[in-house]
Amino acid sequence: MKHVRRLVVATANRDKITEIEALLDPGVELLERPSSVGEVEEEAPDLIGNARLKASAVSDATGQPSLADDTGLFVAALGGKPGVRSSRFAGDAATYAENVSALLAAMDGRVDRRAEFRTVALVRFPDGGEVWVQGVVRGEIVDRPRGAAGFGYDPLFAPDGGRGLTFAEMTLVEKNRCSHRSAAFGALAVLLR
Ligand code: IMP
């Protein structure tokens, strides 16, 4: 594939960059999105479309290869919702707690609790070429929030093979052993070598 040493990351969130840095090879330098490139509207119908919108905005503005990711929680009994709208399930400016409450309410009385997290990570090159990967973790939605670690829907999601613990009951090291994000960036690291 392409041997990439330097990527401009579409997020301006320093914590996210540090997390991604730990998942890619040490030889790949990540640069923060320049402040001249604003936040991109995530208006595509799927994860790959949103990742592409974000990465294209940055590589068009900088002339450098850029990296963007997009994640969603897809619940079988809800026809794949919240999916691409995971951060806005309870409304446009919803907090994590509001999204968790909305998902619990939507799952009330449901027998089929199967769900999966999917992360798409996409690198776009200035010539318009791209590579992308998807990481998936399957599991189920538990019947009440459990655990205090992590973020987002972590208190409601118990991954298969995780001894029944939710992501929020795991350490970050444990979560990263099986998470959608580490699967995606692990695969991307191999592609960029
Ligand atoms: P993003 O594309 O990484 O910003 O993720 C979109 C939304 O998915 C977030 O606002 C969270 O609600 C949810 N999400 C993403 N990753 C995770 C995770 O690892 N655990 C729990 N929720 C997550």
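Numbering starts at 1 and runs along the sequence shown. When a ligand or atom number is given, it counts from 1 through the structure's own listing order.
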**Q** I'd like to check which ligand 1 atoms, numbered from 1 as shown, lie under 4.0 Å from a non-hydrogen atom of Arg181.
**A** 15 (C), 16 (N), 17 (C), 18 (C), 19 (O)

**Q** What protein heavy atom sits nearest atom 2 (O) of ligand 1, and how far away is it?
**A** Thr71 N, 2.9 Å

**Q** Angle class for the Phe157/Phe117 ring planes (parallel below 30°, perpendicular above 60°, tilted otherwise)?
**A** perpendicular

**Q** Would you check, one step at a time, whether the test side chain to side chain contact (heavy atoms under 4.5 Å, CB included) holds for Val8 with Val37?
**A** CA-CA 11 Å; Val8 186; Val37 187; over 6 Å; no

**Q** For Asp70 and ligand 1, answer yes if some heavy atom of the residue is under 4.0 Å from a ligand atom, otherwise no.
**A** yes

**Q** Is the shortest distance from a heavy atom of Glu42 to ligand 1 less than 4.0 Å?
**A** no

**Q** Note the single closest protein heavy atom to atom 20 (N) of ligand 1, along with its residue, its atom name and the distance in Å.
**A** Asp154 OD1, 2.6 Å

**Q** With a cut-off of 4.0 Å, which atoms of ligand 1 are near a heavy atom of His180?
**A** 16 (N), 17 (C), 18 (C), 19 (O)

**Q** Would you indicate which of Ala94, Ser179, Ser87 comes nearest to atom 10 (O) of ligand 1 when only heavy atoms are counted?
**A** Ser87

**Q** Under 3.5 Å, N or O to N or O, is Lys175 touching ligand 1 that way?
**A** yes

**Q** Would you indicate whether Arg110, at its atom CZ, is surrounded by more than 12 heavy atoms from other residues, nucleotides or ligands within a distance under 6.0 Å?
**A** yes

**Q** With a 4.5 Å cut-off on side-chain heavy atoms, are Met170 and Arg177 touching?
**A** no

**Q** What atoms of ligand 1 come within less than 4.0 Å of a heavy atom belonging to Ser86?
**A** 7 (C), 8 (O)

**Q** Hey, is CZ on Arg138 packed in by over 12 heavy atoms from elsewhere, all under 6.0 Å?
**A** no

**Q** Just to check, does Tyr153 reach to within less than 4.0 Å of ligand 1 when the distance is taken from its heavy atoms?
**A** yes

**Q** Side chain, backbone, both or neither: which part of Phe117 comes within less than 4.0 Å of ligand 1 when only heavy atoms are counted?
**A** side chain

**Q** Leu73 near ligand 1, heavy-atom distance under 4.0 Å?
**A** no

**Q** Within the 4.0 Å heavy-atom shell around Lys16, which atoms of ligand 1 are there?
**A** 1 (P), 3 (O), 4 (O)

**Q** Please say whether more than 12 non-hydrogen atoms of neighbouring residues, nucleotides or ligands are located less than 6.0 Å from CZ in Arg14.
**A** yes

**Q** Within a reach of under 6.0 Å around CZ of Arg88, are more than 12 heavy atoms found that belong to other residues, nucleotides or ligands?
**A** yes

**Q** Is the shortest heavy-atom distance from the side chain of Phe167 to the side chain of Cys178 under 4.5 Å?
**A** yes

**Q** Ser56 and Arg124: side-chain donor and acceptor closer than 3.5 Å?
**A** yes

